[in-house]
Engineer: 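Below is one structure. I have some questions about it.
Predicted, not measured: the structure shown is a model, and the values here were computed from it. Sequential numbering from 1 along the given sequence is applied to the chain's residues. What you see below is based on every heavy atom in this structure, not just the backbone, and it leaves out hydrogens, waters and symmetry mates.
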Amino acid sequence: SKHTIQRRQNMKILVITGSPRKHGNSNTLADNFIKGAQEAGHTVVRFDSAIKNVHPCTTCNKCAMDGECVFKDDFDFVKENIVDSDAVVFVTPMYYFGMSAQMKTVIDRFYAINGQIHVQKKSALLMTYADTSPREAQPLISHYETLLRYLGWYDAGKVVASGVWTEGDVLNTEFPQQAYELGKNI
């Protein structure tokens, strides 16, 4: 493998979810991923962005891309947990061909900690979408892959759950098992 991060017994994994539906399809994938990761001995910290208070970045640049953000809100939890994490997992439904606004707001705030998170980490994407065409998922996957290239992180796996729209649709698919296996083997 070209990646130098070795699989460790006890990694710290930050899972960031983006769905406002507590029992939605992407949150079901998150639950299964976390179960697998914890069974493998990893420490998992979860941040549910849709129920947290995270102010959008206003590019005031007071942080100078590596300092204190002017906003004091729930992003502080992400900041406290992302820097020393070994892996960051993004879990989102697709909204209008991109990630949820709640997740994007969290990612935009990475700006303030930019200098601290440009270190090699594993990452994974768990996404759900109602369509069944792989082409429709491509913009979100492309955004994720571009983000990883920029940060110097690398993709440890993706679960792209197509054809799930109504809450619970994912339960009758193989996608929860795929998320569990990804968590177990990250």
Side-chain angles (χ1 to χ4, degrees), residues 2-3 13-34 46-52 54-59 65 74-75 78 82 85 87-114 117-183 185-186:
K2 64 179 180 164
H3 304 295
I13 302 170
L14 173 62
V15 174
I16 302 172
T17 69
S19 177
R21 292 195 304 191
K22 184 174 182 171
H23 301 291
N25 295 308
S26 65
N27 279 330
T28 298
L29 295 184
D31 294 342
N32 281 272
F33 175 90
I34 290 167
R46 180 174 179 154
F47 185 80
D48 294 307
S49 63
I51 59 169
K52 300 296 184 184
V54 179
H55 194 283
C57 178
T58 60
T59 353
M65 292 183 77
D74 291 334
F75 184 78
V78 174
I82 197 170
S85 68
V88 179
V89 180
F90 300 98
V91 186
T92 184
M94 182 172 71
Y95 287 176
Y96 277 83
F97 311 101
M99 65 186 67
S100 74
Q102 295 91 334
M103 172 158 300
K104 182 67 167 75
T105 300
V106 171
I107 292 171
D108 286 351
R109 289 281 296 279
F110 285 8
Y111 184 85
I113 56 174
N114 196 61
I117 60 174
H118 271 269
V119 294
Q120 196 173 62
K121 294 182 187 293
K122 290 183 177 186
S123 189
L125 173 67
L126 310 177
M127 66 169 281
T128 58
Y129 68 116
D131 207 312
T132 55
S133 167
R135 180 179 175 190
E136 303 307 323
Q138 202 51 53
L140 200 161
I141 293 168
S142 179
H143 185 175
Y144 164 76
E145 291 172 345
T146 302
L147 179 66
L148 297 194
R149 272 193 307 277
Y150 172 71
L151 291 170
W153 299 359
Y154 74 91
D155 179 40
K158 298 178 194 72
V159 176
V160 180
S162 62
V164 295
W165 186 2
T166 305
E167 189 173 298
D169 281 353
V170 78
L171 295 171
N172 300 319
T173 71
E174 71 279 7
F175 301 121
Q177 182 65 27
Q178 289 177 14
Y180 170 81
E181 294 294 336
L182 181 54
N185 297 304
I186 192 164

Engineer: Determine whether Leu182 and Leu126 make a side-chain contact, defined as any pair of heavy atoms from C-beta on separated by less than 4.5 Å.
Structural biologist: yes
Engineer: Kindly give the heavy-atom pair with the smallest separation between Asp131 and Ser162, and that separation in Å.
Structural biologist: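 Looks like O-CB, 3.4 Å.
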Engineer: Kindly indicate whether the side chain of Leu125, heavy atoms from C-beta on, has any atom under 4.5 Å from the side chain of Asp155.
Structural biologist: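 They are not in side-chain contact.
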Engineer: Could you walk me through whether Ile34 and Arg46 pass the side-chain contact (heavy atoms from CB on, under 4.5 Å) test, one step at a time?
Structural biologist: CA-CA 9 Å; Ile34 290 167; Arg46 180 174 179 154; 3.7 Å; yes
Engineer: Within the 4.5 Å heavy-atom criterion, are Phe33 and Val159 side-chain neighbours or not?
Structural biologist: no
Engineer: May I ask you to test the Phe75-Val106 pair for a side-chain heavy-atom distance under 4.5 Å?
Structural biologist: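 Of all side-chain heavy-atom pairs linking Val106 with Phe75, at least one is under 4.5 Å.
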Engineer: Nearest 0.5 Å please: distance from the OG atom of Ser19 over to the CD atom of Gln102.
Structural biologist: 8.0 Å
Engineer: Roughly how far apart are Thr59 OG1 and Met65 CE, rounded to 0.5 Å?
Structural biologist: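 It comes to 10.5 Å.
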Engineer: Measure the spacing between CG of Leu148 and NZ of Lys122 and express it to the nearest 0.5 Å.
Structural biologist: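 Result: 13.5 Å between the selected atoms.
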Engineer: Looking at side-chain heavy atoms only, is the closest gap between Val54 and Phe47 below 4.5 Å?
Structural biologist: yes
Engineer: Write down the atom of Pro93, the atom of Ser26, and the distance for their closest heavy-atom approach.
Structural biologist: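 It is CD-OG, 3.4 Å.
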Engineer: Indicate the atoms forming the closest heavy-atom contact of Ile186 with Ala87, along with that distance.
Structural biologist: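 For Ile186 versus Ala87, the nearest heavy atoms are CD1-CB, 4.1 Å.
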Engineer: For a side chain to side chain contact (heavy atoms under 4.5 Å, CB included) with Pro176, tell me which candidate from Asn32, Asn25, Asp31 qualifies.
Structural biologist: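 Going through the options one by one, the only one that passes is Asn32.
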Engineer: Looking at Asp48 and Lys52, is there a salt bridge between them, counting it only when a charged N and a carboxylate O are closer than 4.0 Å?
Structural biologist: no
Engineer: Does any part of the side chain of Leu140, heavy atoms only, come nearer than 4.5 Å to the side chain of Thr92, both counted from C-beta?
Structural biologist: yes
Engineer: With no hydrogens and no angle check, is any side-chain donor or acceptor of Asn27 less than 3.5 Å from a backbone partner on Gly24?
Structural biologist: no
Engineer: Is it the case that the side chain of Ser49 and the backbone of Thr17 share a donor-acceptor pair, with hydrogens and angles ignored and the cut-off at 3.5 Å?
Structural biologist: yes
Engineer: Do Lys158 and Ile141 make a side-chain contact, defined as non-hydrogen atoms from C-beta onward lying under 4.5 Å apart?
Structural biologist: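 The answer is yes; the side chains approach within 4.5 Å.
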Engineer: From Leu29 CG over to Gln177 CD, what is the distance, rounded to the nearest 0.5 angstrom?
Structural biologist: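 The distance works out to 11.5 Å.
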Engineer: With a 3.5 Å distance limit and no angle check, can you tell me whether Ser142 reaches the backbone of Pro139 through a side-chain donor-acceptor pair?
Structural biologist: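 Looks like no, no N/O pair under 3.5 Å.
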Engineer: Give me the ring orientation class for Phe90 and Trp153: parallel if the planes are under 30° apart, tilted from 30 to 60°, perpendicular past 60°.
Structural biologist: parallel
Engineer: Heavy atoms only: give me the nearest Thr173-Val170 pair and the separation to one decimal.
Structural biologist: OG1-O, 2.7 Å
Engineer: Using 0.5 Å steps for rounding, measure from the CD1 atom of Ile113 to the CD1 atom of Ile82.
Structural biologist: 5.0 Å
Engineer: What I want to check is whether the side chains of His118 and Asn114 have a donor and an acceptor closer together than 3.5 Å.
Structural biologist: yes
Engineer: Can you name the closest pair of heavy atoms from Gly18 and Ser100 and give their distance?
Structural biologist: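 Shortest heavy-atom separation between Gly18 and Ser100 comes out as O-OG, 2.7 Å.
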Engineer: Any side-chain heavy atom of Leu151 sitting closer than 4.5 Å to one from Lys121?
Structural biologist: no
Engineer: Please find the pair of heavy atoms, one from Val160 and one from Ala137, that lie closest to each other, and give the distance.
Structural biologist: CG1-CB, 4.0 Å
Engineer: Once you round to the nearest 0.5 Å, how far does CG of Asp74 lie from NE2 of His55?
Structural biologist: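 The NE2 atom of His55 is 13.0 Å from CG of Asp74, to the nearest 0.5 Å.
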Engineer: Is it true that a side-chain atom of Tyr129 and a backbone atom of Gly98 form a donor plus acceptor pair closer than 3.5 Å?
Structural biologist: no
